[in-house]
Amino acid sequence: MSHFFSDLAPLTFDPNADGIAFRHYNPDEIVLGKRMEDHLRFAVAYWHSFAWPGGDPFGGQTFERPWFGETMKDARLKADIAFEMFDILNAPFFCFHDADIRPEGASFAESERNFREITDIFASKMENHKTRLLWGTANLFSNRRFMSGAASNPDPEIFAWSAATVKLCMDATHALGGENYVLWGGREGYETLLNTDLAQETEHMGRFLNKVVEYKHKIGFKGAILIEPKPQEPTKHQYDYDVATVYGFLKRYGLENEVQVNIEQGHAILAGHSFEHEIALANTLGIFGSIDMNRNDYQSGWDTDQFPNNVPEVALAYYEILKGGGFTKGGTNFDAKLRRQSLDPNDLIAAHAGAMDVCARGFKAAAAMLEDGLLEAERGKRYAGWKTPEAAKMLSMDLESVAKLVDVDGPGPQPRSGRQEILENIVNRYV
Ligand code: XLS
Ligand code: NI
Ligand code: NI
């Protein structure tokens, strides 16, 4: 034991507890025929919890952690404390990038050795801890070599370095039984068209993704390959802007049945969408995979990665997820970080416990809304006209034939209320 979280026992469901506990998240509670833990599939993000020093654009490190440092000893201690936290949180999953878990070496080979030593430690820890791997990923954006992108970098050596890094991270994800592999194109985009060949860069990204999918099949990785859309930040224009853009990209490269999306709440907001819009669209297009449940500050317009705390918003997101049949391989990853003044070890635990409770409340509300069926009944009524055979037939008729169906002498169709306020009032009964 490291004693970093010295006085904290594993959290349990206890609505009347004095201190930190789950007040709404009861892993064993059956909702819609399944344990809540199996529905929500919470994951802790290694990077924000253990590798982020608390900096912002105006100031550096605020956190003091005994594992901060660039040695393998630090990396091993970090892994010990990470699994201690997973145990305290009773976390079913975690997620990591290569760069979160190991110090960068002086060469690719040294970085790889460092990485493998820690993933071997993960493998042995996972034999006697419950926490599984939701997804692995490669950090192809922090190191300065990636400043102009990874797969889309004008320098072919960086393309190769990125391929080697993704291969290594896919191998580790596969070996650890990961359920997904994520690609977030952190710097796959551009700052100015003046120095950018957009056609070549997007072509390279398409080729790269094809290689990733081929490799997945070659090694027999059964997890899902996920792209995480984001419109901007760090680059001015990011190629994986939103779900719709990613779908167009996948279609262009014939990958729409191979790759799905990991949708982040904050990224949806940055793209000018709601979270539930992105989820609903991904379900419609058949590419929904997983979520990063971290919210943005609505004023700052920045990816502030805050833990979720808005039950009505979370409820609408889970409503769409449940309507799509719920998670299969995906889950709820907290790609969320503390505020930089939250220095104490307990803040890390409280942040996750609170987020799990917020999600549980939203999820239970979503399940009840779906079970009661009021919203779906209203939606059904709105589209009822299409239930008639004559209406359905129109979809396969040509334009002239459809035009002939209009009663040209009558008063024309009469508009009907969209009843938005009534629907919002219904939602409010649950949240
Ligand atoms: C950054 C992204 C990142 C991905 C994983 O905005 O959310 O954290 O989830 O690379
Ligand atoms: Ni993000
Ligand atoms: Ni994310």
Side-chain angles (χ1 to χ4, degrees), residues 41-53 55-57 93-101 115 133-143 146 149-152 162 165-166 168-170 172-173 178-189 205 208-209 212 223-243 245-246 259-273 275 278-279 282 288-298 300-308 317 330-338 355 359:
R41 296 166 60 83
F42 288 129
V44 173
Y46 208 93
W47 50 104
H48 290 318
S49 292
F50 307 111
W52 180 63
D56 70 10
F93 292 104
F94 75 115
C95 302
F96 69 88
H97 303 81
D98 53 348
D100 312 330
I101 66 167
F115 177 72
L133 181 61
L134 186 64
W135 45 265
T137 188
N139 178 331
L140 303 179
F141 43 89
S142 293
N143 191 287
F146 299 117
S152 66
S162 306
T165 308
V166 168
L168 179 63
C169 292
M170 284 177 78
T173 301
E179 306 232 352
N180 306 269
Y181 183 82
V182 166
L183 296 127
W184 171 58
R187 295 189 191 272
E188 309 289 29
M205 278 181 63
F208 191 96
L209 190 57
V212 167
I225 302 289
L226 306 177
I227 289 195
E228 185 174 321
K230 187 175 182 181
Q232 71 269 332
E233 197 228 277
T235 58
K236 167 74 183 144
H237 297 273
Q238 248 163 250
Y239 295 133
D240 299 329
Y241 193 96
D242 59 0
V243 169
T245 310
V246 167
V259 178
Q260 300 164 350
V261 280
N262 181 45
I263 305 172
E264 178 164 314
Q265 195 273 3
H267 299 182
I269 304 302
L270 286 176
H273 300 303
F275 192 26
E278 290 288 82
I279 295 166
F288 177 73
S290 198
I291 61 169
D292 278 1
M293 182 61 101
N294 42 289
R295 70 195 166 93
N296 274 13
D297 181 293
Y298 282 104
S300 75
W302 194 247
D303 192 10
T304 52
D305 289 330
Q306 289 167 259
F307 283 89
T332 304
N333 174 42
F334 296 121
D335 187 357
K337 54 184 182 242
L338 295 172
C359 289

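Order of listing sets the numbers, starting from 1, for every ligand and every atom in it. The model shown is predicted, which means the values in this text are computed figures rather than measured ones. These numbers come from the heavy atoms of this one structure, side chains and all, not from hydrogens, waters or symmetry mates.
Annotation: His48 places no N or O atom under 3.5 Å from an N or O atom of ligand 1; distance criterion only. Annotation: Trp184 places no N or O atom under 3.5 Å from an N or O atom of ligand 1; distance criterion only. Looking at ligand 1, you won't find any N or O of Thr137 less than 3.5 Å from one of its N or O atoms. Considering backbone and side-chain N/O of Asn262, none are found under 3.5 Å from N/O of ligand 1.
For ligand 1, the atoms lying closer than 4.0 Å to a non-hydrogen atom of Lys230 are 1 (C), 6 (O). Distances below 4.0 Å separate heavy atoms of His97 from the following atoms of ligand 1: 5 (C), 10 (O). Counting the atoms of ligand 1 from 1 in the order shown, those under 4.0 Å from a heavy atom of Asp292 are 9 (O).
Contacts between Asn333 and ligand 1, counted as non-hydrogen atom pairs separated by less than 4.0 Å, are absent for every part of the residue. When heavy-atom distances to ligand 1 are checked against a 4.0 Å cut-off, Glu233 has no atom that comes that close, whether in backbone or side chain.
Taking the N/O/S atoms of Asp292 in turn, the shortest distance to the Ni ion (ligand 3) belongs to OD2. The N, O or S atom of Asp335 lying closest to the Ni ion (ligand 3) is OD2.
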Run the numbers on Phe93 and Phe42 for ring pair (Phe, Tyr, Trp, His ring centres under 6.0 Å), then give the verdict.
CA-CA 6 Å; Phe93 292 104; Phe42 288 129; over 10 Å; no

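Asp100 and Asn139 share no donor-acceptor pair across their side chains, judged by distance under 3.5 Å alone. Using a 3.5 Å distance cut-off with no hydrogens or angles, the side chains of Asp335 and Trp47 do pair a donor with an acceptor.
Remark: minimum distance from atom 8 (O) of ligand 1 to any protein heavy atom is reached at Asp335 OD2, 2.7 Å. Of the protein's non-hydrogen atoms, Glu228 OE2, 3.3 Å is the one closest to atom 2 (C) of ligand 1.
Checked against Asn294 for a side chain to side chain donor-acceptor pair (under 3.5 Å), the options Gln265, Glu264, Gln306 give a single hit: Glu264.
Electrostatic pairing of Lys230 and Asp303 counts as a salt bridge here, judged by a charged N lying under 4.0 Å from a carboxylate O.
The nearest N, O or S atom of Glu264 is closer to the Ni ion (ligand 2) than 2.8 Å. Put simply, Asp305 stays out of reach of the Ni ion (ligand 2), with no N, O or S atom under 2.8 Å from it.
Checked by atom type and distance alone, the side chain of Thr137 pairs as donor or acceptor with a backbone atom of Val182 at under 3.5 Å.
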